[in-house]
Q: 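Submitted below is the structure of interest, expressed as structure tokens.
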Amino acid sequence: MKKISILFLFLALFFTVKATDNKTIRISTNETDLILKVGDNGRLYQAYFGEKLLNPADVNLFSWEVSRGSDGSAVRRGWDVMSGNGNEDFYEPAVSVLHNDGNPSTILKYVSHTESAVDGGTQFVITLQDDVYPLTVKMYYVAYTDENIFKSWTEISHKEKKPVTLQQYASSMLYFSALSYYLTEFSSDWGKEVQMASQQLLPGKKVIDTKLGSRANMMMDPFFEVGFDAPVQELQGTVLMGTLGWTGNFRFTFEVDNVGNLRVISGINPYASNYELAPNTVFKTPEFIFTLSYNGTSQGSRNYHDWARNYSLKDGMGDRMTLLNNWENTYFDFDEAKLVSLMEGAKELGVDMFLLDDGWFGNGDHARNGDHAGLGDWEVNRAKLPGGISALTKAAGEAGVKFGIWIEPEMVNPKSDLYQKHPEWAIENPNRETHYYRNQLVLDLSNPEVQDYVYGVVDNILSNNPDVAYFKWDCNSPITNIYSPYLGKRQSQLYIDHCRGLYNVLERVKENYPDTPMMLCSGGGARCDFEALKYFTEFWCSDNTEPVERCYIQWGFSQFFPIKSMSAHVTEWNRKASIKFRTDVASMCKLGFDIDLEDLSPDELAYCQQAIQNWNRLKPAILDGDLYRLVSPYETNHMAVVEVTKDKNKAVLFSYDLHPRYAEKVVPVRLQGLDPTRQYLVEEINLMPGRKSDFKANGKTYSGDYLMKVGLDTFTAKDMNSRVIEITAE
Ligand code: DGJ
């Protein structure tokens, strides 16, 4: 008995000594600390995630343990950074692996970690190992110092004899302790992208996910915001903002546990996606990109915008071209002469590029004269365009504009030469009725032969026509009949391998054509994630260009994506809105046009020409400045944003009256981001020819302090009215 007590005493002492030696990993930006600690049991726990601590010594004050007993008693448990299936935690795991012997448990222990400098920040690689099975999970964290952005992902590998089955494989698991949590989510559909809605998170789970395969964000978007102790606000409060860089099915799980703590698990949606992982191969999960802002979403958005421009978005620091697109003007009905006249119109308008949309390819029975045929046959339609693409690039050169072209290379119409030749390249269920979305099927990108073919679409166009200056890459269908003729018995890998196949193609495009800008499009804005945007300079936010609706869409996407990545075109949706209002709404983002210029009066054309010149002049503020959302369309019948150059010398205020109520109360728009100590000249621009500004502050000078504390009376009671105000430091 005595011997046993001595043994216990010895063990207790041993663990006490070890406990004081618990390894601490501090992952920091300028604003935030994520502190991880190794517990006495060797597991890695989240000890702190919040505002940066001033005193380095304070980092050691944290315990790895959290109180989790329902009676408040301290139970020796922590917040596992990669909680595994079968541990003593009773909630959703982040990782779950079925081993060779049929055991489905995973418990990971800390082995080692490294820390190294990377562009813009610090990367940590933490190796975790299951102590019973030869399974390794490497956790990657990158902390971007100035932008206050974190990225995390994992690499899973093993040395078991046969493949293991990955059942859950999150990129990140985070924990929070607050009195209440409020989620802002972004739901979508065609023409209704990024609709923001908030709700309190109560005990239990809230899941945001999609199962669409391709066109993956059509119904829910892969980003969210969580407010702590209060709903998310623009300028106040602590907010977590997160997004997954994955162009396929994603899942965010928000779970409030028995003691009111919140867990957030982010990653690929494991739905119908058990993944067989062979020994000594690596399964890499996508990047989860997150920030904590202590001053509301306004600051959080700027964190993302700066980070994306500096380190992530394709050509993030580069210029962007204005354009004239022909989609809504001609749809499928055009010929060479028509396109040449549009190119000349583009030049007269003053944009940089003419963009030829859908309908230029397919021949004979498979001519692309509507959306029923032709996808897959990327040969020029000889009846419409006898001179081929080269005649078009030549004509564009003569007109003095660049030439861009639309493709949808991941898709096939059953009515196409390609499908006749290679029906096995389409994702289609062999023994069930086929469902079509827009009369088309998704090509099976898990098949390397198909990847070569899709890459070839871009490669053929560019190698034969090096003057093609831009692609609009569309993706109009989700995966409708999930079955891959290529994968055989590994069907449950299709969603993941298909998405990875897309990245293989995009990687080759980027490698061989690094300087060709591309617009990411998916029947509007159904693809918008930061992994895809490593390959695309911009994305098409929505086919809905009705200017009032568009304000909400731009407000929503700007929460995460920099303005220079958000394509916005002036169209004829809602002709009741003036050309000025439509152009002013699009001018807040990456400006383009998709209208019949012949419908414009001389004054309207002159107005557009002037607005394009102004936009070009103000690019340093619009594309590369700081965005401040000032007045929300969700809270008022107006919207206002200001875009300010980094040096605070120039700002552009966009002020929109949407549908004001009769005699409603409006208050001045208070600016942000200016230098309070400097004087600024305030001028209204984008005026219709012959129109004098009726804006009272026009031509006057104010201090930055006044503009930010008192503001400007820019709103009116007029329906669909806008003002663009240029603000220049003296
Ligand atoms: C959907 C896109 O969102 C539109 O802009 C246009 O390119 C059509 N596809 C063409 O089919």
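Remember, it's 1-based here, ligands and their atoms both numbered in the order they're listed.
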Q: Assess the side chains of T247 and R527: does a donor N or O sit below 3.5 Å from an acceptor N or O?
A: no
Q: With a 4.0 Å cut-off on heavy atoms, is K472 touching ligand 1?
A: yes
Q: Are E408 and Q440 linked by a side-chain donor-acceptor pair shorter than 3.5 Å?
A: yes
Q: Among side-chain atoms of D474 and N476, is any donor-acceptor pair under 3.5 angstrom?
A: yes
Q: Would you check the N or O atoms of G524, main chain and side chain alike, for any that come under 3.5 Å of an N or O of ligand 1?
A: yes
Q: Check the pair K564, E538 against salt bridge (Lys or Arg N to Asp or Glu O under 4.0 Å), reporting the backbone distance first and the verdict last.
A: CA-CA 7 Å; K564 77 186 327 173; E538 57 227 55; over 6 Å; no
Q: With a 4.0 Å cut-off on heavy atoms, is R438 touching ligand 1?
A: yes
Q: Judged by modelled atom types alone, do E428 and T434 share a side-chain donor-acceptor pair under 3.5 Å?
A: yes
Q: Does any N or O atom in W327 lie less than 3.5 angstrom from one in ligand 1, N or O only?
A: no
Q: Which one holds for N476 and ligand 1: side chain close, backbone close, both close, or neither close, with close meaning a heavy atom under 4.0 Å?
A: side chain
Q: Angle class for the H569/W540 ring planes (parallel below 30°, perpendicular above 60°, tilted otherwise)?
A: tilted
Q: Examine the side chains of W573 and E328 and answer whether a donor and an acceptor come within less than 3.5 Å of each other.
A: yes
Q: Looking only at protein heavy atoms, which one is nearest to atom 11 (O) of ligand 1, and what is the separation?
A: D358 OD2, 2.7 Å
Q: Mark up the atoms of ligand 1 that fall under 4.0 Å of a heavy atom belonging to D357, in ascending order.
A: 6 (C), 7 (O), 10 (C)
Q: Just to confirm my output: which protein heavy-atom neighbour is closest to atom 1 (C) of ligand 1, and how far is it?
A: D474 OD2, 3.1 Å
Q: Among all the protein's non-hydrogen atoms, which is closest to atom 4 (C) of ligand 1, and how far away is it?
A: D543 OD1, 3.5 Å
Q: Heavy-atom distances under 4.0 Å decide this one: backbone, side chain, both or neither, for C521 against ligand 1?
A: side chain
